[in-house]
Amino acid sequence: MSIKKRFKPPQKEQGNKLAAPFDKREIPPEQQTPTFSLRYLEGEYCITKCEKDDQAAFSLKLYRLSKLTWSQIQSQDRHKLGYEKIYRDAIKAPIPNFITEDVNFIAFRFSGMKPMVGYRDGTIFYVIWLDRNFTLYDHS
């Protein structure tokens with residue numbers, strides 16, 4: 001005769017939803033690594049419009065940036081792992097309606113000098129445009 005063993009499920013400390021680890025909630029965003037969102041990437045500046053080499057370079061850039069904290073990224077050269085501010089009035093493409101006037105755009109380089117432009121909210125960087133043809137803003 002076999003005896004069935006039952007295991008008690010571990011007790012939940014917080015509701016039914018996942019929560020961020022406690023230590024992450026208390027660390028300032030500048031000391032955390034970035035999270036990248038492609039949620040709003042579409043149209044002529046989408047990843048699907050890029051050549052395979054640019055797509056691979058984009059992936060590698062996100063990987064490299066994800067290993068640094070925001071503070072470390074800010075101390076990098078703007079054409080390497082750092083970024084530069086892009087003024088709203090310099091953007092030639094339509095700016096999505098949900099992006100309010102107070103949002104600052106920044107650009108990372110993802111394939112050579114090709115910029116990925118978006119905005120930061122806390123630890124998240126939302127990529128809006130991949131400027132593979134250098135037509136999003138004046139690059140002079």
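All values below were derived from every heavy atom in this structure, side-chain atoms included, with hydrogens, water molecules and symmetry-related copies excluded.
A single hydrophobic cluster is not seen to contain both Val127 and Leu136; linkage of ILVMFWY side chains at heavy-atom distances under 4.5 Å, directly or through other members, places them apart. Linking Ile, Leu, Val, Met, Phe, Trp and Tyr residues whenever their side-chain heavy atoms come within less than 4.5 Å leaves Leu41 and Tyr126 in two separate clusters.
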Could you walk me through whether Tyr83 and Gln76 pass the side chain to side chain donor-acceptor pair (under 3.5 Å) check?
-> CA-CA 8 Å; Tyr83 62 83; Gln76 300 293 312; over 6 Å; no
Please assess Leu38 against Phe58 for the test side-chain contact (heavy atoms from CB on, under 4.5 Å), listing each intermediate value before the final yes or no.
-> CA-CA 12 Å; Leu38 310 182; Phe58 176 72; 3.6 Å; yes
Would Met116 and Leu62 count as a side-chain contact (heavy atoms from CB on, under 4.5 Å) if you check the C-alpha gap in whole Å, the side-chain angles of each, and the deciding distance to 0.1 Å?
-> CA-CA 11 Å; Met116 64 170 138; Leu62 295 185; 3.9 Å; yes
Take Lys92 and Glu44 through the salt bridge (Lys or Arg N to Asp or Glu O under 4.0 Å) test and state the conclusion after the steps.
-> CA-CA 12 Å; Lys92 296 175 185 175; Glu44 282 304 307; over 6 Å; no
Test Trp129 against Ile91 for side-chain contact (heavy atoms from CB on, under 4.5 Å), laying out the working first.
-> CA-CA 10 Å; Trp129 303 283; Ile91 304 287; 3.9 Å; yes
side-chain contact (heavy atoms from CB on, under 4.5 Å) between Thr33 and Ser66, intermediate numbers included = CA-CA 6 Å; Thr33 57; Ser66 73; 5.6 Å; no
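Side chain of Ser111 to backbone of Lys114: no donor-acceptor contact under 3.5 angstrom is found. At least one donor-acceptor pair under 3.5 Å links the side chain of Gln55 to the backbone N or O of Ile47. Judged purely by atom type and a 3.5 angstrom limit, Asp77 uses its side chain to pair as donor or acceptor with the backbone of His79. Asp121 contributes no side-chain N or O that, together with a main-chain N or O of Ile124, makes up a donor-acceptor pair within less than 3.5 Å. Using a distance-only test at 3.5 Å, with no hydrogens or angles considered, a donor-acceptor pair links the side chain of Arg132 to the main chain of Lys49. Checking side-chain atoms of Gln72 against main-chain N and O of Thr69 turns up a donor-acceptor pair under 3.5 Å.
Going from atom CZ of Arg109 over to atom CZ of Arg78 covers 6.5 Å, rounded to the nearest 0.5 Å. The distance from atom NZ of Lys80 to atom CD1 of Ile73, rounded to the nearest 0.5 Å, is 16.0 Å.
Of the candidates Asn104, Asp102, Ile95, Ile95 is the only one forming a side chain to side chain contact (heavy atoms under 4.5 Å, CB included) with Arg88.
Residues His139 and Asp131 form a side-chain contact, since some pair of their non-hydrogen atoms from C-beta on lies under 4.5 Å apart. With contacts defined as side-chain heavy-atom distances shorter than 4.5 Å, the pair Ile128/Val117 does not qualify. Two residues are said to be in side-chain contact when any heavy atoms from C-beta on lie closer than 4.5 Å; Thr123 and Pro34 fail this criterion. Contact annotation: the side chain of Ile99 approaches that of Phe105 to within less than 4.5 Å [non-hydrogen atoms, C-beta and beyond]. When side chains are defined from C-beta on, Ile106 does not count as touching Tyr119, because their heavy atoms never get closer than 4.5 Å. Using a 4.5 Å cut-off on side-chain heavy atoms (C-beta onward), Leu65 and Tyr63 make no contact. Contact annotation: the side chain of Thr48 never approaches that of Glu42 to less than 4.5 Å [non-hydrogen atoms, C-beta and beyond].
Aromatic rings from Tyr137 and Tyr87 are positioned such that their centres are separated by 6.0 Å or more.
Nearest approach of Ala93 to Tyr45, heavy atoms of both residues: CB-CE1, 3.8 Å.
Using cut-offs of 30° and 60° on the angle between ring planes, the pair Phe108 and Trp70 is tilted. Using a 30° and 60° split on the angle between ring planes, Tyr40 and Phe98 fall in the tilted class, from 30° to 60°.
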